[in-house]
2 protein chains.
Amino acid sequence: MKLNTKSRYAVMALADMSKFPLNDPISLRDISLRQSISLLYLEQIFLKLKKNDIVKSVRGTNGGYVLKRDPKSIKLSEIFQALDQKVKTVGCKKESKKGCNGKLAKCITHELWDELEVYINNFFENKSLNDLLINKNRIN
Amino acid sequence: MKLNTKSRYAVMALADMSKFPLNDPISLRDISLRQSISLLYLEQIFLKLKKNDIVKSVRGTNGGYVLKRDPKSIKLSEIFQALDQKVKTVGCKKESKKGCNGKLAKCITHELWDELEVYINNFFENKSLNDLLINKNRIN
DNA sequence: GTAATACTTGACTATTTTAGTCGGGTATAT
DNA sequence: ATATACCCGACTAAAATAGTCAAGTATTAC
Ligand code: FES
Ligand code: FES
């Protein structure tokens with residue numbers, strides 16, 4: 001089980017932003033330099049964050065992105081969702097009656113994996129952007 | 001975040017086995033048929049389970065695999081480990097002093113991802129094969 | 001003793017996913 | 001005007017996944 005870079009970078013970038021005065025637009029270029037994330041990749045990521053109302057954009061010189069809400073109210077689960085990222089531990093389609101084996105009942109392990117999915121989603125549900133900043137006295 | 005089929009099948013196959021009288025060898029062919037998992041793939045999986053002392057093999061006619069220990073004592077974490085499967089949510093090498101950004105300190109989000117890793121591993125650590133069988137009255 | 005069953009092992013491969021890049025935009029402040 | 005910075009779709013190299021294949025060996029049943 002691996003976490004992909006897109007989600008990781010998204011959280012990293014947003015965490016970076018929330019260390020600065022809110023309402024001040026922050027350019028992706030700055031984030032890119034500070035966090036060593038490819039600018040072009042960040043653009044892709046932020047487009048999705050914007051579409052999902054997590055940030056808003058300010059165009060033109062001195063433009064950039066601004067957090068749309070208080071970091072306290074931005075849950076990690078929202079960020080993941082914004083990037084179309086899902087925790088998928090079951091092998092079947094949840095909506096379907098069929099199991100991962102193609103048969104008409106769910107397999108022996110279905111319940112287990114479902115439980116795991118809920119368990120992991122819980123983690124994301126209970127973390128806000130703000131929770132990352134408790135250590136305000138860090139350098140990076 | 002996705003779970004791969006190898007881990008999923010491994011647990012499924014072992015769960016299948018633990019529903020039958022222990023000490024009776026069960027052939028992969030049977031498991032393959034019952035659980036609709038490719039026989040050739042199962043062979044690959046069981047080789048690793050064997051190397052990691054989770055099952056033992058009995059060759060020849062009426063042979064198959066036998067659980068080496070009580071299902072109560074086989075933790076999911078062991079099964080995953082046997083298949084070289086790791087939960088990896090951090091972007092960096094844990095042992096290294098460097099962060100995922102190549103810099104000399106760990107990044108802003110490192111602690112978060114590390115926490116998540118521990119959290120997920122906990123789930124696997126606290127589940128045994130036996131926990132899957134509480135519903136003994138299932139068909140599949 | 002020979003056939004059938006079933007494990008053993010390493011190598012190989014198609015497909016999918018990931019982790020980005022590229023090109024050509026548009027809007028805004030100075 | 002011009003530089004900055006967001007916007008957007010399409011593209012691609014590389015890695016991971018999900019298997020398959022070939023060529024065995026050991027054991028039991030007849
Ligand atoms: S995981 Fe849902 S049926 Fe197997
Ligand atoms: S995840 Fe470890 S340094 Fe970024």
Side-chain angles (χ1 to χ4, degrees), chain A residues 1-13 17 24-33 35-52 54-68 80 83-89 91-92 100-102, chain B residues 1-13 17 24-33 35-52 54-68 80 83-89 91-92 100-102:
Chain A
M1 300 199 76
K2 243 188 246 169
L3 187 64
N4 58 11
T5 56
K6 235 170 198 161
S7 314
R8 202 165 40 232
Y9 290 166
V11 175
M12 206 183 297
M17 286 178 70
D24 258 24
I26 298 177
S27 73
L28 293 186
R29 196 175 150 276
D30 286 355
I31 297 177
S32 166
L33 289 172
Q35 304 299 333
S36 308
I37 303 170
S38 146
L39 174 59
L40 291 153
Y41 206 19
L42 275 177
E43 290 187 339
Q44 217 183 94
I45 292 168
F46 270 75
L47 233 34
K48 297 218 175 190
L49 292 177
K50 187 192 165 190
K51 273 186 191 146
N52 284 271
I54 293 171
V55 295
K56 61 184 174 195
S57 67
V58 180
R59 299 179 84 154
T61 312
N62 295 325
Y65 284 96
V66 181
L67 286 179
K68 211 161 171 183
F80 274 58
L83 295 165
D84 313 306
Q85 230 54 59
K86 285 194 186 102
V87 175
K88 175 149 175 130
T89 57
C92 59
C100 58
N101 43 25
Chain B
M1 296 201 77
K2 245 187 246 166
L3 187 64
N4 58 12
T5 55
K6 234 169 201 163
S7 313
R8 202 165 38 232
Y9 290 166
V11 175
M12 207 183 297
M17 287 179 70
D24 256 25
I26 297 175
S27 73
L28 293 187
R29 197 175 149 276
D30 287 355
I31 298 178
S32 165
L33 289 172
Q35 304 298 333
S36 308
I37 304 170
S38 148
L39 174 58
L40 291 152
Y41 207 20
L42 274 177
E43 292 187 336
Q44 217 183 92
I45 292 168
F46 270 75
L47 233 34
K48 296 218 176 191
L49 292 176
K50 186 193 166 191
K51 274 187 190 146
N52 284 270
I54 293 171
V55 296
K56 61 185 174 196
S57 67
V58 179
R59 299 179 82 154
T61 312
N62 295 325
Y65 284 95
V66 181
L67 286 179
K68 210 160 172 185
F80 274 58
L83 295 165
D84 313 307
Q85 229 55 56
K86 286 195 185 102
V87 175
K88 173 148 175 130
T89 56
C92 59
C100 57
N101 42 25

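Please read all numbers here as calculations on a predicted model, not as lab measurements. Note on naming: letters A, B, ... go to the chains in the order of the sequence lines (proteins, then strands), and numbering restarts at 1 for each one.
Atom NZ of Lys88(A) and atom P of dT16(C) are 15 Å apart (whole Å). Rounded to an integer number of Å, the gap from OH of Tyr41(A) to P of dC22(C) is 15 Å. In this entry the distance linking NZ of Lys6(A) with P of dG20(C) reads 10 Å, nearest Å. Computed from coordinates, the Asp84(A) CG to dA19(C) P distance equals 14 Å when rounded to whole Å.
Remark: Lys86(A) engages no residue in a salt bridge (Lys or Arg N to Asp or Glu O under 4.0 Å) (not counting sequence neighbours). Lys6(B) meets the salt bridge (Lys or Arg N to Asp or Glu O under 4.0 Å) test with no other residue; sequence neighbours excluded.
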Under 3.5 Å between N/O atoms: give me all the protein pairs with nucleotides 5-9 of chain C, atom names plus distance.
residue, atom, partner, partner atom, Å
dT5(C), O2, Thr61(B), N, 3.4
dA6(C), O4', Gly60(B), O, 3.3
dC7(C), OP1, Leu28(B), N, 3.4
dC7(C), O3', Ser57(B), OG, 3.3
dC7(C), O2, Arg59(B), NH2, 3.4
dT8(C), OP1, Lys50(B), NZ, 2.4
dT8(C), OP1, Ser57(B), OG, 2.9
dT8(C), OP2, Tyr65(B), OH, 2.6

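On the nucleic acid side, DNA chain D contacts chain B at distances under 4.0 Å to non-hydrogen atoms, with the end points of that region at dA18(D) to dA29(D).
Atom CG in Leu33(B) sits 11.0 Å away from atom CG in Leu28(B) (nearest 0.5 Å). The NZ atom of Lys2(B) sits 9.0 Å away from the CD atom of Gln85(A) when rounded to the nearest 0.5 Å. From Arg8(A), atom CZ reaches atom SG of Cys100(B) across 6.0 Å, with rounding to the nearest 0.5 Å. The structure places CD1 of Ile37(A) at 8.5 Å from CG of Asn101(B), a figure rounded to the nearest 0.5 Å. Taken to the nearest 0.5 Å, the CG atom of Asn4(B) stands 11.5 Å off from the OG1 atom of Thr89(A).
Using bins of under 30°, 30° to 60° and over 60° for the plane-to-plane angle, the ring pair Tyr65(A)/Phe46(A) lands in the tilted bin.
Applying the salt bridge (Lys or Arg N to Asp or Glu O under 4.0 Å) definition to pairs two or more places apart or across chains, those involving residues 57-68 of chain A are Asp53(A)-Lys68(A).
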Exercise. How far apart are the C-alpha atoms of Phe80(A) and Leu3(A), what are their side-chain angles, what is the distance that settles it, and do they pass the side chain to side chain contact (heavy atoms under 4.5 Å, CB included) test?
Worked result: CA-CA 11 Å; Phe80(A) 274 58; Leu3(A) 187 64; 3.6 Å; yes
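Each end of the helix from dG1(C)-dC30(D) to dT30(C)-dA1(D) gets its own axis, taken as the rotation carrying the C1' atoms of four end pairs onto the next four within a five-pair window, and the two axes meet at 10° to the nearest 10 degrees.
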